[in-house]
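Here the structure is laid out as structure tokens; the discussion comes afterwards.
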Amino acid sequence: MIRLHHVPGSRSFRVLWLLEELGLPVELRLWSLTDGGLRSAEFRALSPGARVPALEIDGRAIFESGAIVEYLCETRGRLAPAPGAPDRADFLEWLHYAETQATILQNLNFHHIFLRPESARSVAMTRLDTRRLALSLQALETRLEQRDWLLGDFSAADCMMGFNTDAIFRFLARADYPATAAYCARAAARPAFGRALARGGASTIYGADFYEMPDG
Ligand SMILES: N[C@@H](CCC(=O)N[C@@H](CS)C(=O)NCC(=O)O)C(=O)O
């Protein structure tokens, strides 16, 4: 039995998408970011930092989406170059780069949506993180100008980007990053991506399609 602890539209989508790509049956346990459930002793026994995802598998629980993705590839033997393969370093770089970018997206979610009261939000930090996102996205854009997927062929590193693809164009103009926009569309067209979205549920975070960088 594999059980994924999941919040719709969160980083746990990365794992759900990969499990669908691998054709592995999974039981979902749904949580909310806002009702305090992630801070319960029950959940912290699975993920001590009170974050999703957590995956119960092979008689234990694993937290950290990157660790889960690497573990699934290693133990289920697909969608990643083997250790020592020529493109292994590229795989690890992009797998972890997705999390570098996700932390910026998470900050922007706080700046634009979650922080209350609104007077607690910082214009300077919102502008800084928007610029940091643009820099991180330019690297992705350059990479994708030459290839359909991060490694050329589809890999689990692309699943790590699954959380980011829903968020990046909420804060930056799609038209400025055509290769990344095409990549996001290719990802969304994969049957496993569609199954994961239908099963796990779409993000409920965003009330707007686009959030402008504030003046200041
Ligand atoms: N580096 C961790 C980050 C996990 C993380 O921050 N998850 C968010 C959802 S996308 C979360 O659980 N947030 C709960 C909170 O901040 O209280 C990973 O990749 O698994």
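Both counts, for ligands and for their atoms, begin at 1 and track the order of listing.
Using a 30° and 60° split on the angle between ring planes, H5 and W31 fall in the tilted class, from 30° to 60°.
Ion pairing of D209 with R174 is absent here, as no side-chain N (NZ or NE/NH1/NH2) approaches a carboxylate O to less than 4.0 Å. Salt-bridge annotation for R190 and E21: present, with a side-chain N of the basic residue lying under 4.0 Å from a carboxylate O of the acidic one. Ion pairing of E99 with R14 is present here, as a side-chain N (NZ or NE/NH1/NH2) and a carboxylate O approach within less than 4.0 Å.
Against a heavy-atom cut-off of under 4.0 Å, S65 is close to the following atoms of ligand 1: 18 (C), 19 (O), 20 (O). Atoms of ligand 1 lying under 4.0 Å from at least one heavy atom of S10, given by number and element, are 9 (C), 10 (S). For ligand 1, the atoms sitting less than 4.0 Å from at least one non-hydrogen atom of P53 are 20 (O), numbered in the order shown with element in parentheses. Here is the list of ligand 1 atoms found below 4.0 Å of a heavy atom in E99: 1 (N), 2 (C), 3 (C), 19 (O).
Ranking the protein heavy atoms by distance from atom 2 (C) of ligand 1 puts E64 OE1, 3.2 Å first. The protein heavy atom nearest to atom 16 (O) of ligand 1 is R51 NE, 3.6 Å. Here the protein heavy atom with the shortest distance to atom 5 (C) of ligand 1 is R11 NH1, 3.4 Å.
Between E118 and H112, the side chains place no donor N or O within less than 3.5 Å of an acceptor N or O (distance only, hydrogens not considered).
Residue V52 has at least one nitrogen or oxygen atom sitting less than 3.5 Å from a nitrogen or oxygen atom of ligand 1, judged on distance alone.
To the nearest 0.5 Å, atoms CG (L55) and CG (L46) are separated by 10.0 Å.
For Y183 and W94, the ring centers are positioned 6.0 Å apart or more.
Residue contacts with ligand 1 for H5 are absent, since no atom lies close enough (heavy atoms, distance under 4.0 Å). Residue contacts with ligand 1, taken as heavy atom pairs separated by less than 4.0 Å, involve R14 solely via side-chain atoms from C-beta onward.
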